[in-house]
> 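My questions all concern the structure below.
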Amino acid sequence: GAVVSQHPSWVICKSGTSVKIECRSLDFQATTMFWYRQFPKQSLMLMATSNEGSKATYEQGVEKDKFLINHASLTLSTLTVTSAHPEDSSFYICSARETSGRQADTQYFGPGTRLTVL
Amino acid sequence: DAKTTQPPSMDCAEGRAANLPCNHSTISGNEYVYWYRQIHSQGPQYIIHGLKNNETNEMASLIITEDRKSSTLILPHATLRDTAVYYCIAAFGGATNKLIFGTGTLLAVQP
């Protein structure tokens, strides 16, 4: 149980284009999902908290107009990197918070999406 | 959220127990201790978490000191597949459950 998927697993795009990354909780409902970014040889950095049916909460220094987050259902959150540039190239990882059962409040992570902007 | 301190790296022989320490001296009474690990180029994997009592599951054991200022993650029989970066995180439960990752411990299991 507690499986989170991401799509795509990797994407290469041209500078100036937008890229959408999907995060799905496959066997549980998640009212809250989180988006992280990880640069090479660095730790995960929390970008934003995504709440189903409401606006996302962004961490300090993260541009909300550049990283659009939509959480339209209890099993799906999307992150759109708008007008991507080479400095946005990174490993993007989502997590979903289990809300019931013995593992309530535990976050489970997706496998990540490698974004390369040329 | 309380800051945690971990050694940057550790080695362990295959088949032996791996004991990974974590200091969280400023942890508050209702913050949990979570452990995750990240194998290269993958998303973090949940291992275990606890509040006050020691916890055990199929992956590991978590020993939390009585004053809750430190904890130890124990992998009872380390294998080569356990080579990963292990993160110890102090975080509140509930809707405000943000995980702030530090630099973790790179555990290298040696054959």
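In the text below, chain A, chain B and the rest are named by the order of the sequence lines, each starting its count at 1. Being a predicted model, the structure only gives us computed values, none of them experimental.
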> Is it the case that one hydrophobic cluster holds both A:F67 and A:W35, taking links as side-chain heavy atoms less than 4.5 Å apart, direct or via other members?
yes
> Could you check whether atom OH of B:Y32 has more than 12 heavy atoms from other residues, nucleotides or ligands sitting under 6.0 Å from it?
no
> Atom NZ of B:K98 and atom CG of A:L46: how far apart are they, to the nearest 0.5 Å?
6.0 Å
> Would you say the side-chain atoms of A:S43 pair up with the backbone N or O of B:G102, donor to acceptor, closer than 3.5 Å?
yes
> Indicate if A:L118 and A:W10 have the same hydrophobic cluster label, given that clusters are the connected sets of ILVMFWY residues with side-chain heavy-atom separations under 4.5 angstrom.
yes
> Identify whether B:L51 and B:Y46 are in the same connected component of the hydrophobic contact network (ILVMFWY, side-chain heavy atoms under 4.5 Å).
yes
> So which atom in A:Q107 and which in B:N97 form the shortest heavy-atom distance, rounded to 0.1 Å?
NE2-O, 2.6 Å
> Between B:P44 and A:L44, is any pair of side-chain heavy atoms under 4.5 Å apart?
yes
> So for B:Y34, is it side chain, backbone, both, or neither that comes closer than 4.5 Å to the heavy atoms of chain A?
side chain
> Would you give the length of the straight line joining atom CD1 of A:I93 to atom CZ of B:F101, rounded to the nearest 0.5 angstrom?
8.0 Å
> So for atom NZ, which belongs to A:K66, do other residues, nucleotides or ligands contribute more than 12 heavy atoms lying within a distance under 6.0 Å?
yes
> If we ignore hydrogens and angles and just use 3.5 Å, is the side chain of A:Y36 paired with the main-chain N or O of B:G43 as donor and acceptor?
no
> Are A:I69 and A:V62 connected in a single hydrophobic cluster, I mean Ile/Leu/Val/Met/Phe/Trp/Tyr linked by side-chain heavy atoms less than 4.5 Å apart?
yes
> If hydrophobic clusters are built by linking Ile, Leu, Val, Met, Phe, Trp and Tyr wherever their side-chain heavy atoms come under 4.5 Å apart, do B:V109 and B:L73 end up in the same one?
yes
> Using non-hydrogen atoms and a 4.5 Å limit, figure out which bit of A:E59 sits close to chain B: side chain, backbone, both or neither.
side chain
> Output the distance between atom OG1 (A:T106) and atom CD1 (B:I47), rounded to the nearest 0.5 Å.
12.5 Å
> Determine whether the aromatic ring centres of residues B:Y87 and A:F109 are separated by less than 6.0 angstrom.
no
> Is it the side chain or the backbone of B:Q38 that comes within 4.5 Å of chain A heavy atoms, both, or neither?
side chain
> Which residue out of A:Q42, A:Q38, A:M45 racks up the most heavy-atom pairs below 4.5 Å with chain B?
A:Q38
